[in-house]
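For ligands, and for the atoms within them, numbers begin at 1 and follow the listed sequence. Count residues from 1 along the sequence. Every value quoted in this text rests on a predicted model; they were computed, and no experiment measured them.
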Amino acid sequence: MSHTDTDTSVLIAGAGPVGMTTALALHARDVPVEIVEAESEDRDRSGSRAIYVHGATLRTLERVHPGLGTDLVEEGIVWPTRRTLYHGKEVFSRTYDSPGGSGDIPHFTSIPQVTTEAYLLDALDAAGIEIHWECAVKTVQSGPDGVRVETSDGREWETPYLVGADGGGSTVRNEIGVDFKGDQSKNHFIIADVHEVENKPLPIERVFHYSNPDVDGRNTLLVPFTGGWRLDIQCFEDDDPDELVKDENMSRFVRKVMGEEYDDRFEWVSTYQFKQVRAEHFIDEHRRVLLAGEAAHLLAPFGARGMNSGVADADEAASAIAVAYHAQIDAVAQDEVELFAARREKAADYNIGAAGQALEYLQGDDPVTVLRKEAAASLADYFEPAGEWLDDAPYGPHGKPPIVSTGNY
Ligand SMILES: Cc1cc2nc3c(=O)[nH]c(=O)nc-3n(C[C@H](O)[C@H](O)[C@H](O)COP(=O)(O)OP(=O)(O)OC[C@H]3O[C@@H](n4cnc5c(N)ncnc54)[C@H](O)[C@@H]3O)c2cc1C
């Protein structure tokens, strides 16, 4: 779409992983699409963000741009071992011969988001999809026939459909008058990304440690990704996270958990609170604006649902728009968009519920949960399922996904 002229490109706000996936998924369905992005082309997107990419996400990316999913698999790593400790004692460990399963796409891969985004950008380039940089959405006016958008560079756009993939502070969401609803944890989590020490690599395994004595009894999670490690520390409610992330404290934590060679290897350190929030509606009143990814929901990094569920949003938004775009009858077009919202709102509720369960499990003081964990830890030496339960319980979601037809959540 060229500005002010109306032709028929669908417009996407935001060139994060979700906006870029939406663009590829629309292009794959032969719908013209362009992206407007607030930041500049040479921006730095490094930092601790998604590393755990689910098989379903890889399959979606492979489907909408053949070769993209398998390229990410080549770049990423699949850890063969999962291990859990409880108060300094190992309670579970399992190593798989083929941890990724069979076929080209494994169950998951572990890769920094900045690398995933670089591959997405290359895919957009190959597909000839245009990104308009330094072009932030300012206002959105939707009506029965389409959407009018104003951007920060003074341009005006008309588009049949707008996808708001402009992240947690979404202007698109605010402009269509939709609020976030939900909750967040009282305590903080600390995340540090630590560079690999090439001549002294740690075993490639995911290690969860309940009440780790090395960090004064806080829970820790250590996850490998290509070129480094993610250390996740769960603060106590009365911790001061700003104090804990000071270099001297982080050095001590990293040294204790990972070994002396690693204590000056941490690159990014950040804190977050466990969010369980979603937009009240994922579409506007005229069924012309669709929200996807963090514009639609904020989920805890723990559980790795943010980008993964955002990619599922993207694919389903593109699928709905592709039908609506070609529909002869308005009611049919509106129905598709409503179906998108119904499915993705349900998926978000499922992910939020899973995050809530994980949070309650990790830090709740419900005596039944506390006793269950203690009992499982004391049985783990004799009864493997008890240790496996301790290993598995912090990650969600458990149970079947709510969207039976696609299995994507
Ligand atoms: C520490 C950490 C670890 C994580 N780990 C995982 C994980 O392992 N797995 C997982 O699935 N998820 C994980 N996540 C979540 C994941 O990083 C996010 O869910 C993901 O980045 C969301 O993508 P998005 O495209 O929706 O939003 P964003 O990445 O926020 O992208 C939004 C884009 O919109 C642009 N924008 C903003 N405003 C405007 C505007 N007005 N107009 C135009 N453009 C605009 C922004 O510049 C940005 O480019 C993690 C997050 C954190 C913080």
Side-chain angles (χ1 to χ4, degrees), residues 11-23 34-41 43-58 60-61 76 108-114 116-117 120-121 131-140 149-153 155 157 162-175 188-193 206 221 223-225 230-233 268-275 277-279 291-314 317 344 348 351 355 395-396 409:
L11 201 62
I12 296 177
V18 175
M20 290 195 277
T21 303
T22 313
E34 291 174 51
I35 301 180
V36 290
E37 163 58 48
E39 293 183 338
S40 63
E41 188 168 6
R43 64 185 174 162
D44 181 8
R45 287 273 287 174
S46 48
S48 301
R49 285 175 303 128
I51 52 170
Y52 190 92
V53 184
H54 282 256
T57 300
L58 295 166
T60 299
L61 296 177
F108 69 93
T109 194
S110 193
I111 182 171
Q113 185 168 326
V114 69
T116 303
E117 291 186 11
L120 280 162
L121 270 176
I131 302 180
H132 303 271
W133 299 98
E134 297 180 76
C135 187
V137 169
K138 285 291 212 198
T139 65
V140 174
V149 175
E150 278 178 349
T151 48
S152 54
D153 54 0
R155 288 196 263 180
W157 310 73
L162 171 69
V163 179
D166 52 341
S170 173
T171 301
V172 175
R173 187 186 64 241
N174 291 334
E175 283 290 295
H188 287 76
F189 290 72
I190 296 172
I191 278 195
D193 280 3
R206 185 271 284 144
L221 172 67
V223 180
F225 59 84
R230 162 99 18 110
L231 175 61
D232 198 318
I233 302 171
W268 299 302
V269 179
S270 50
T271 62
Y272 68 92
Q273 282 172 293
F274 213 114
K275 291 231 168 55
V277 175
R278 80 152 166 96
L291 300 176
E294 293 211 334
H297 44 71
L298 294 177
L299 304 167
F302 219 100
R305 296 306 314 150
M307 188 179 78
N308 285 299
S309 68
V311 166
D313 294 340
R344 296 318 299 164
N351 287 317
Y395 318 100
Y409 56 95

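Using a 4.0 Å cut-off between a side-chain N of Lys or Arg and a carboxylate O of Asp or Glu, Glu294 and Lys275 do not qualify as a salt bridge.
Taking CZ from Arg278 and CG from Leu291, the interatomic distance works out to 11.0 Å, rounded to the nearest 0.5 Å. Of the inter-residue distances, the one linking Asn308 atom CG with His54 atom NE2 reads 4.0 Å to the nearest 0.5 angstrom.
In terms of the side-chain contact (heavy atoms from CB on, under 4.5 Å) criterion, residue partners of Glu39 (sequence neighbours excluded) are, by chain and number, Glu37, Arg43, Arg45. By the salt bridge (Lys or Arg N to Asp or Glu O under 4.0 Å) test, Asp232 is found to be paired with no residue, residues two or more places apart in sequence or in another chain being considered. Residues meeting the side-chain contact (heavy atoms from CB on, under 4.5 Å) test with Ala50, sequence neighbours left out: Gln113, Met307.
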Measure from every N or O atom of ligand 1 to the protein's N or O atoms and keep only the pairs below 3.5 Å, writing each with atom names and distance to 0.1 Å.
residue	atom	partner	partner atom	Å
ligand 1	8 (O)	Ile51	N	3.1
ligand 1	8 (O)	Tyr52	N	3.0
ligand 1	9 (N)	Tyr52	O	3.3
ligand 1	11 (O)	Ala304	O	3.3
ligand 1	11 (O)	Met307	N	2.8
ligand 1	11 (O)	Asn308	N	2.9
ligand 1	11 (O)	Asn308	ND2	3.0
ligand 1	12 (N)	Met307	N	3.0
ligand 1	17 (O)	Gln113	OE1	2.8
ligand 1	19 (O)	Glu294	OE2	2.9
ligand 1	19 (O)	Met307	N	3.1
ligand 1	21 (O)	Gln113	NE2	2.9
ligand 1	25 (O)	Pro17	N	3.4
ligand 1	25 (O)	Val18	N	3.1
ligand 1	26 (O)	Glu294	N	2.9
ligand 1	29 (O)	Arg45	NH2	3.0
ligand 1	41 (N)	Val137	O	3.2
ligand 1	41 (N)	Thr171	OG1	3.2
ligand 1	42 (N)	Val137	N	2.9
ligand 1	44 (N)	Ala38	N	3.2
ligand 1	47 (O)	Glu37	OE2	2.6
ligand 1	49 (O)	Glu37	OE1	2.7
ligand 1	49 (O)	Glu37	OE2	3.3
ligand 1	49 (O)	Arg43	NH1	2.7

